[in-house]
Amino acid sequence: MGGLIQLFKAFVRKAPQYQQMPNGKALHSLWRWISGFIFFLKQTILYLPTTARRLKALKSLKGSKTNKQVLIIANGPSSKDLNESEMRRLKKLGCDFIVMNGFGRMDIAEFCEANYYFLLDPDYDEENNPDRESINDYLRKNKKTFVVLSTTAPMKNLYNGNKLFVNGIQAVGLWNSESPILPNTHPQSVLFAALKFAHYLGYSTIMVCGVDNSYYLHH
């Protein structure tokens, strides 16, 4: 029985990724849905028990931040417009902060204790990732910050502090959902995941900066 289970898992691991689509016009839409559905089944089989276990903490937090302000800081160059006095003013007003990705090496990281740090890309767990050291240093200095991870990512090498998880199972294009505890049904971006997360927790107003069309220019 164990051998059959291993063979089945090996089969689903080799199933098409939802991004792998043929160029044929006639069957494009159909194959896109089929390949997406196969990928969804693959991830559900491989990660459902882990996902269900990891989402318990987030489920208990639904609506816990109702009527509280939050600023989501993405990594585009417009986030450089933030300065220490502005961050302290927002903090004094009771504003929370959600950050992501390479925030640990940004100048404002020195005086911003984020409530949540989104790291959904498994590349941040790699030994040679240039951001990993700054992320770990930031999390050691800000021990109250929660790291928000995908339920499908191991993240074994990152600082072992407070952790929350959002559903990382992909169901892109299969149906519509904007809940962080359900499979992701939109093309994944860390910012969009952070917006879903903030809405789920009940934040209002939700402010965003650092969302640019370039990593180098503020548009």
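- In this structure, Glu113 places its CD atom where more than 12 heavy-atom neighbours from other residues, nucleotides or ligands lie under 6.0 Å away.
- By the 30° and 60° cut-offs, the orientation of the rings of Tyr116 relative to Phe146 is tilted.
- Counting heavy atoms from C-beta outward, Tyr117 and Asn142 have side chains that stay 4.5 Å or more apart.
- Residues Leu139 and Phe111 share a single hydrophobic cluster, defined by chaining ILVMFWY side chains whose heavy atoms lie under 4.5 Å apart.
- Rounding to the nearest 0.5 Å gives a distance of 11.5 Å between CG of Leu149 and CG of Asp121.
- The two atoms that bring Ala198 and Ile72 nearest to each other are CB-CD1, 4.3 Å, heavy atoms only.
- In this structure, Ala109 and Gly104 approach most closely via the heavy-atom pair CB-O, 3.9 Å.
- Follow the hydrophobic side-chain contacts under 4.5 Å out from Phe192 and you never reach Phe118; the two are in separate clusters.
- Under 3.5 Å, the side chains of Lys196 and Asn184 contain a donor-acceptor pair of N or O atoms.
- Smallest separation of non-hydrogen atoms from Pro180 and Leu55: O-CD2, 4.2 Å.
- Atoms OG1 and CZ, on Thr44 and Phe37 in that order, are 8.5 Å from each other to the nearest 0.5 Å.
- Hydrophobic clustering, with ILVMFWY side chains joined whenever heavy atoms are under 4.5 angstrom apart, groups Phe40 together with Ile34.
- In terms of heavy-atom proximity, Met100 sits nearest to Val190 at CB-CG1, 3.7 Å.
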Could you walk me through whether Ile169 and Thr152 satisfy the side chain to side chain contact (heavy atoms under 4.5 Å, CB included) test, starting with their C-alpha distance in whole Å, then the side-chain angles of each, then the deciding distance to 0.1 Å, before giving a yes or no? CA-CA 7 Å; Ile169 295 175; Thr152 64; 4.2 Å; yes
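- Going from atom CG of Leu58 over to atom OG of Ser179 covers 7.5 Å, rounded to the nearest 0.5 Å.
- For the pair Met207 and Cys95, the tightest heavy-atom approach, listed with the atom from each and the gap, is CE-SG, 3.8 Å.
- When side chains are defined from C-beta on, Phe97 counts as touching Leu90, because their heavy atoms get closer than 4.5 Å.
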Would you please test Leu71 and Leu82 for side chain to side chain contact (heavy atoms under 4.5 Å, CB included) and show each step? CA-CA 11 Å; Leu71 172 63; Leu82 292 171; 4.1 Å; yes
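- Follow the hydrophobic side-chain contacts under 4.5 Å out from Leu48 and you never reach Phe165; the two are in separate clusters.
- Put simply, CD on Glu110 and NZ on Lys141 are 7.0 Å apart, with the number rounded to the nearest 0.5 Å.
- Leu61 is connected to Leu182 through a chain of hydrophobic side-chain contacts under 4.5 Å among Ile, Leu, Val, Met, Phe, Trp and Tyr, so both are in one cluster.
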Is there a side chain to side chain contact (heavy atoms under 4.5 Å, CB included) between Glu178 and His186 once you walk through the steps? CA-CA 8 Å; Glu178 295 180 1; His186 301 273; 4.2 Å; yes
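- A heavy-atom distance below 4.5 Å is not found between the side chains of Tyr200 and Lys65.
- Atom CG of Asp107 has 12 or fewer neighbouring heavy atoms from other residues, nucleotides or ligands inside a 6.0 Å radius.
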Could you walk me through whether Asn167 and Ile181 satisfy the side chain to side chain contact (heavy atoms under 4.5 Å, CB included) test, starting with their C-alpha distance in whole Å, then the side-chain angles of each, then the deciding distance to 0.1 Å, before giving a yes or no? CA-CA 5 Å; Asn167 198 323; Ile181 65 171; 5.6 Å; no
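- Using a 4.5 Å cut-off on side-chain heavy atoms (C-beta onward), Asp131 and Asn101 make no contact.
- The closest donor-acceptor contact from the side chain of Thr185 to the backbone of Trp175 lies under 3.5 Å.
- Rounding to the nearest 0.5 angstrom, the gap separating the OG1 atom in Thr145 from the CD1 atom in Ile98 is 11.5 Å.
- Although no hydrogens or angles enter the test, the distance criterion places a donor-acceptor pair under 3.5 Å between the side chain of Gln170 and the main chain of Gly168.
- Considering only heavy atoms from C-beta on, Cys112 stays 4.5 Å or farther from Met106 through its side chain.
- No option in Leu201, Val208, Ile206 other than Ile206 meets the side-chain contact (heavy atoms from CB on, under 4.5 Å) test with Val70.
- The heavy-atom pair separating Ile108 from Ser79 by the smallest distance is CD1-O, 4.2 Å.
- Contact annotation: the side chain of Arg89 approaches that of Glu86 to within less than 4.5 Å [non-hydrogen atoms, C-beta and beyond].
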